[in-house]
Amino acid sequence: MKLVVVGSSNMDLVISLARIPAIGETVLGGSSSMVFGGKGANQAVAAIRCGGNVSFIAKVGNDLFGENMKKHFEKEGFNSDHILTDANTATGIAQIFVSDKGENSIAVAPGANMKLMPKDFVPFHNLIKNAQVVLLQLETPLETVEFIADIAFQNEVKLILNPAPAKQLTESLLKKIWLLTPNETEASLLTGIDVIDQTSAQKAAEHLLDMGVKNVIVTLGVSGSLLCTAKGVKYFKAFQVKAKDTTAAGDVFNGTLAVAITNGIALQDAITFASAAAAISVTKEGAQPSVPFRVEIDKFLN
Ligand code: ADP
């Protein structure tokens, strides 16, 4: 039972300081950390740490960050042959400022992530064809997403698309999606319905089903999530925890959800599992450092 994740990998360069620098200003006295991030990598790491049989396909640059990432993915248990290198582009970087008040400002240079093209997938055609589930996001070129969606659809592989960051999608792509997992912002952009609560989330999800998506989960942050299928609608509460940093909550939700589905678990139970994993992640700081391992999820649910 194989899950294939395709997507971005970024180095998050985080500087915490008294206030976010204004234009032309230098603010001294901060502390810094380097954290592995990027939606694709976060979701793949969430998937493998919760016990999935996972392949992760991504592209990094021919630089120190890229080298570092390859070692990191190998340590997590991934096949490093699936991490491609672009000789002429830098590894994806997110420069994040966090103020003492908890405000942030983020600049992303996607670099090699945007060089992951359909032609790179020639060696991976069989891997994708034979997977149970393929999980994608929107931090790589849209033509690559569409290309992989075609392979998945033609071979009856379940395609999960986490449509983040928010982007308009064609009806032809939406029709190939087995499960779409937008948050409120993404659901609003895709449907033109202002998603602010359960009622509007349901309207947006039903609209997405009308547009051809098979199943939809709208995630609502601390307010939980809403599942909408041809059989009807069901709301799931979030687990109550003391939130410290919600970075990557959606990524942990998607990665762990995909593993549960790959293993044949029914959607409703898969959502409970993913909600627990996401809740644990918000109690810790950072993207991949906050991703829980299987033992933590099992302990949390017992
Ligand atoms: P994204 O990070 O993509 O915006 P959400 O914020 O909607 O995604 O979060 C995804 C899921 O993570 C939610 O459906 C919920 O189950 C869980 N979650 C998010 N924030 C919290 C929180 N503060 N407490 C508990 N669970 C949370």
Side-chain angles (χ1 to χ4, degrees), residues 5 7-8 10 12 35 37-47 49-50 94 96 98 102 104 106 108 135-139 160-167 169 179-191 193-198 200-202 204-205 208 215-228 233-261 265 267-292 296-297 299-301:
V5 183
S8 60
N10 289 332
D12 291 353
V35 178
K39 288 180 193 301
N42 295 345
Q43 295 184 14
V45 166
R49 286 192 188 169
C50 82
I96 304 171
V98 183
N104 64 32
I106 304 176
V108 179
L135 172 62
L136 307 174
Q137 323 74 31
L138 298 175
E139 282 188 340
I160 305 177
L161 177 66
N162 175 225
K167 202 175 274 176
L169 301 174
L179 173 63
L180 189 73
T181 58
N183 66 9
E184 289 152 301
T185 313
E186 292 139 15
S188 300
L189 182 103
L190 287 168
T191 61
I193 295 163
D194 197 14
V195 177
I196 46 161
D197 54 16
Q198 267 185 60
S200 48
Q202 179 172 340
L208 287 162
N215 303 290
V216 177
I217 297 170
V218 183
T219 62
L220 305 164
V222 70
S223 303
S225 57
L226 186 110
L227 168 67
C228 188
V233 176
K234 190 166 159 58
Y235 169 71
F236 296 79
K237 270 193 193 159
F239 287 93
Q240 265 190 24
V241 290
K242 207 161 163 235
K244 222 176 185 180
D245 177 8
T246 58
T247 310
D251 291 336
V252 172
F253 184 91
N254 278 281
T256 52
L257 181 83
V259 168
I261 293 166
I265 291 167
L267 264 177
Q268 302 198 3
D269 297 329
I271 291 173
T272 303
F273 180 71
S275 305
I280 298 168
S281 79
V282 307
T283 65
K284 303 184 211 171
E285 277 172 16
Q288 283 164 51
S290 77
V291 173
E296 295 169 78
I297 306 170
K299 202 167 137 202
F300 184 87
L301 282 169

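Each ligand, and each atom within it, is numbered from 1 in the order the structure gives.
Taking OG of S225 as the start and CD of Q198 as the end, the distance is 9.5 Å to the nearest 0.5 Å. Annotation: the span from C228 atom SG to L267 atom CG amounts to 11.5 Å, rounded to 0.5 Å.
Residue-level proximity to ligand 1 for N183 is carried by the side chain, the only part with a heavy atom below 4.0 angstrom. Proximity of F239 to ligand 1, defined as any heavy-atom pair under 4.0 Å, is confined to the backbone N, CA, C and O atoms. Using a 4.0 Å cut-off between heavy atoms, N162 makes no contact with ligand 1 at all.
Between the side chain of S290 and the backbone N or O of E285 there is no donor-acceptor pair closer than 3.5 Å. Distance alone, capped at 3.5 Å, places no donor-acceptor pair between the N10 side chain and the G37 backbone.
Applying the 4.0 Å criterion to heavy atoms of A278 picks out, from ligand 1, the atoms 12 (O), 17 (C). Less than 4.0 angstrom separates some heavy atom of A243 from each of these atoms of ligand 1: 23 (N). Those atoms of ligand 1 with a heavy atom of V241 less than 4.0 angstrom away are 24 (N), 25 (C).
Between V282 and ligand 1, not a single N/O pair is under 3.5 Å apart. Residue S225 has no nitrogen or oxygen atom sitting less than 3.5 Å from a nitrogen or oxygen atom of ligand 1, judged on distance alone. Backbone and side-chain nitrogen or oxygen atoms of A238 are examined, and none is located within less than 3.5 angstrom of a nitrogen or oxygen of ligand 1.
Proximity of T191 to L208: side-chain heavy atoms (C-beta onward) are separated by under 4.5 Å at one or more points. Side-chain contact check for F300 versus P292: every heavy-atom pair is 4.5 Å or farther apart.
In the model, S200 has a side-chain atom that pairs as donor or acceptor with a side-chain atom of D197 under 3.5 Å.
Within the structure, the closest approach of G224 to ligand 1 falls below 4.0 Å when heavy atoms are considered.
The closest protein non-hydrogen atom to atom 11 (C) of ligand 1 is F253 CD1, 3.9 Å. In this structure, atom 3 (O) of ligand 1 lies nearest to the protein heavy atom G250 CA, 3.5 Å. Among all protein heavy atoms, the one lying closest to atom 13 (C) of ligand 1 is G221 O, 3.4 Å.
Compare T272, V222, T185 by their heavy atoms: the one nearest to atom 21 (C) of ligand 1 is in V222.
Stacking of K234 on the aromatic ring of F236 is recorded, both the 6.0 Å distance cut-off and the 45° axial limit being met.
Each of K39, Q137, Q43 was compared with N162 under the side-chain hydrogen bond (donor to acceptor under 3.5 Å, both in side chains) criterion, and only Q43 meets it.
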